[in-house]
Amino acid sequence: MIQFHTQVAIIGAGPAGLVLANWLKKYEISSVIIELRSREYVEGRVRAGLVEQNTKDILRELGLDDRLNKEGIVHDGVYLSFDEERIHIPFGELTGGRTISIYGQQEITKDLTDAWLADGETLHFETKATKIVDFDTNSPKIHFEKDGEEGIINCDFVAACDGFHGIGRKTLPKKSFESYNITYPFSWLGILANVAPSTDELIYAYHQNGFALHSLRSETVSRLYVQVDNEESVTNWSDDRIWNELTTRLAAPGFDLKEGPIFEKSITPMRSHMIDTLRSGRLVLAGDAAHIVPPTGGKGMNLAIADVKHLVDAFVDFYKNNSEVKLDNYTQTALQRIWRAQDFSNFMTKLFHKQDTHGSFTYRLQKAKFDYIKASTAYKTTIAENYVGLPFESFIN
Ligand code: FAS
Ligand code: PHB
């Protein structure tokens with residue numbers, strides 16, 4: 001039986017777990033990460049691409065933004081389309097200079113993993129956390145399996161950064177939280193294609209055929225999505241069908257969509273999920289372990305990292321100031337931003353996805369909202385400040 005001790009034992013080497021470990025190190029708080037999958041698998045997972053201003057600020061504070069600054073693409077605005085009419089939301093002028101960057105989540109994962117391992121720190125890949133025990137005492141433990149051998153991590157805190165399918169949320173006492181869920185009646189089919197983006201900034205488009213999003217990964221790789229039914233299978237979507245639908249749904253005066261070879265296709269369900277506690281005793285949750293947002297607002301990864309900021313504040317308060325005040329307030333502090341992200345993601349999802357027949361009452365409400373955004377600087381500002389991410393000081397208790 002393998003046994004070792006650390007101050008904060010982290011489950012999961014996704015954005016939440018990796019940012020937490022690297023950030024605690026800055027305060028000389030020891031941690032260890034155990035990760036179910038291999039390093040290749042984790043770094044190969046194609047997921048988010050939008051990096052909020054807050055996340056950029058955090059990575060800069062950690063000294064881990066070199067490649068982001070070199071390879072990330074700064075966007076100072078976003079295009080919103082409705083029935084082939086297109087408007088632009090400028091970020092800088094509406095938010096005092098805050099912007100987003102496009103930089104794949106897997107690139108952030110690589111940068112954070114490289115930094116962690118370069119310091120000689122411990123990250124056990126292909127290691128499965130099987131049980132979290134004694135989290136109602138000051139000596140919680142994680143039981144794990146690796147290569148058929150069992151082990152135990154003795155620690156002060158367990159940080160479950162283990163995503164929607166992890167054991168962290170499932171370990172919380174059943175009566176200690178409420179669950180909230182929305183499963184949207186549609187999914188996203190996402191592609192990566194070897195073709196230069198046809199736009200300088202992202203395009204979110206409502207069309208009577210369904211939603212489409214034009215994102216990107218570099219000057220030569222485009223990332224695009226189309227709304228599909230929940231029962232859809234990737235095999236029903238040939239490259240030609242995908243490009244035809246994207247061309248139709250992204251159409252606007254003067255816009256031409258360039259096509260190219262597709263090298264990645266996947267379907268992601270659209271759902272909102274959350275629980276209203278992120279802590280039980282010495283067990284804390286961060287990221288998808290506690291909440292899922294539809295990717296329409298580009299919030300998932302950024303929200304995971306925002307949870308970690310509050311968690312680091314709480315651990316520093318505990319270890320350096322011998323205080324549990326921020327730990328006791330962790331759930332309340334994190335939930336303010338999580339609900340803001342849930343609301344914005346739900347707003348963007350309902351505004352741009354086809355949910356009823358063209359011309360229906362629902363459609364008319366969507367159109368009225370878009371026409372108001374077009375006419376209102378106040379509404380454009382609301383969208384801009386939520387999209388780039390509200391500053392942490394916006395949520396002072
Ligand atoms: P993660 O899920 O990234 O990481 C959790 C880690 O814990 C995983 O590596 C997992 O292997 C590990 N783990 C689980 N159980 C374990 C156990 N028992 N023992 C050890 N390790 C365990 N967000 C956006 O903003 N934009 C997008 O376009 C977008 N697209 C997405 C597409 C898909 C298919 C998915 C699933 C998510 C997408 N997201 C998107 C959201 C995504 O980016 C998440 O918000 C982000 O990965 C959250 O990071 P973590 O909380 O670290 O969780
Ligand atoms: C992406 O580039 O993958 C992306 C960007 C913005 C979103 C969702 C996904 O809202």
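Counting convention: from 1, in listed order, for ligands and their atoms alike.
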Exercise: do Tyr225 and Tyr204 side chains pair donor with acceptor under 3.5 Å: no
Quick one: side chains of residues 85-97, donor-acceptor pairs under 3.5 Å with protein atoms, not counting sequence neighbours, listed by atom name and distance.
{"residue": "Glu85", "atom": "OE1", "partner": "Lys374", "partner atom": "NZ", "Å": "3.2"}
{"residue": "Glu85", "atom": "OE2", "partner": "Lys374", "partner atom": "NZ", "Å": "2.7"}
{"residue": "Arg86", "atom": "NE", "partner": "Ser81", "partner atom": "OG", "Å": "2.6"}
{"residue": "Arg86", "atom": "NH2", "partner": "Ser81", "partner atom": "OG", "Å": "3.3"}
{"residue": "Arg86", "atom": "NH2", "partner": "Leu250", "partner atom": "O", "Å": "2.6"}
{"residue": "His88", "atom": "NE2", "partner": "Glu201", "partner atom": "OE1", "Å": "2.5"}
{"residue": "Thr95", "atom": "OG1", "partner": "Phe91", "partner atom": "O", "Å": "2.8"}
{"residue": "Thr95", "atom": "OG1", "partner": "Arg98", "partner atom": "N", "Å": "3.1"}
{"residue": "Thr95", "atom": "OG1", "partner": "Arg98", "partner atom": "O", "Å": "3.3"}

Ligand 2 atoms in contact with Leu202 (distance to a heavy atom under 4.0 Å): 5 (C), 6 (C)
Under-4.0 Å heavy-atom contact with ligand 2, by part of Ile102 that carries it: neither
Sub-3.5 Å N/O-N/O distance, Leu50 and ligand 2: no
Contact atoms of ligand 1, heavy-atom distance to Gly12 under 4.0 Å: 6 (C), 7 (O), 12 (C)
Proximity flag Phe164 to ligand 1, non-hydrogen atoms under 4.0 Å: no
Pick from Glu145, Glu52, Arg47: the one approaching atom 36 (C) of ligand 1 most closely through a non-hydrogen atom: Arg47
Whether Arg47 lies under 4.0 Å from ligand 2, heavy atom: yes
Close approach of Val293 to ligand 1, heavy atoms, under 4.0 angstrom: no
Closest to atom 44 (C) of ligand 1 (judged by heavy-atom distance), picking from Thr130, Asp288, Leu285, Leu18: Asp288
Atom indices of ligand 2 within 4.0 angstrom of Arg217 heavy atoms, with elements: 1 (C), 2 (O), 3 (O)
Ligand 1 contacted by Ile11 (non-hydrogen, < 4.0 Å): yes
Residue-ligand contact His165/ligand 1, heavy atom below 4.0 Å: no
Test item: protein heavy atom less than 4.0 Å from atom 52 (O) of ligand 1: yes
Shared-cluster residues of Val133, by chain and number - hydrophobic side chains joined below 4.5 Å: none
Numbering as shown, the atoms of ligand 2 that approach Pro295 to under 4.0 Å (heavy-atom distance): 7 (C), 8 (C), 10 (O)
Close-contact set for ligand 2 against Tyr204 heavy atoms, below 4.0 Å: 6 (C), 7 (C), 10 (O)
Under-4.0 Å heavy-atom contact with ligand 2, by part of Trp188 that carries it: side chain
Element-labelled atoms of ligand 1 that are located less than 4.0 Å from some non-hydrogen atom of Gly14: 3 (O), 4 (O), 52 (O)
Asp136 with Arg282: basic N within carboxylate O range, under 4.0 Å: no
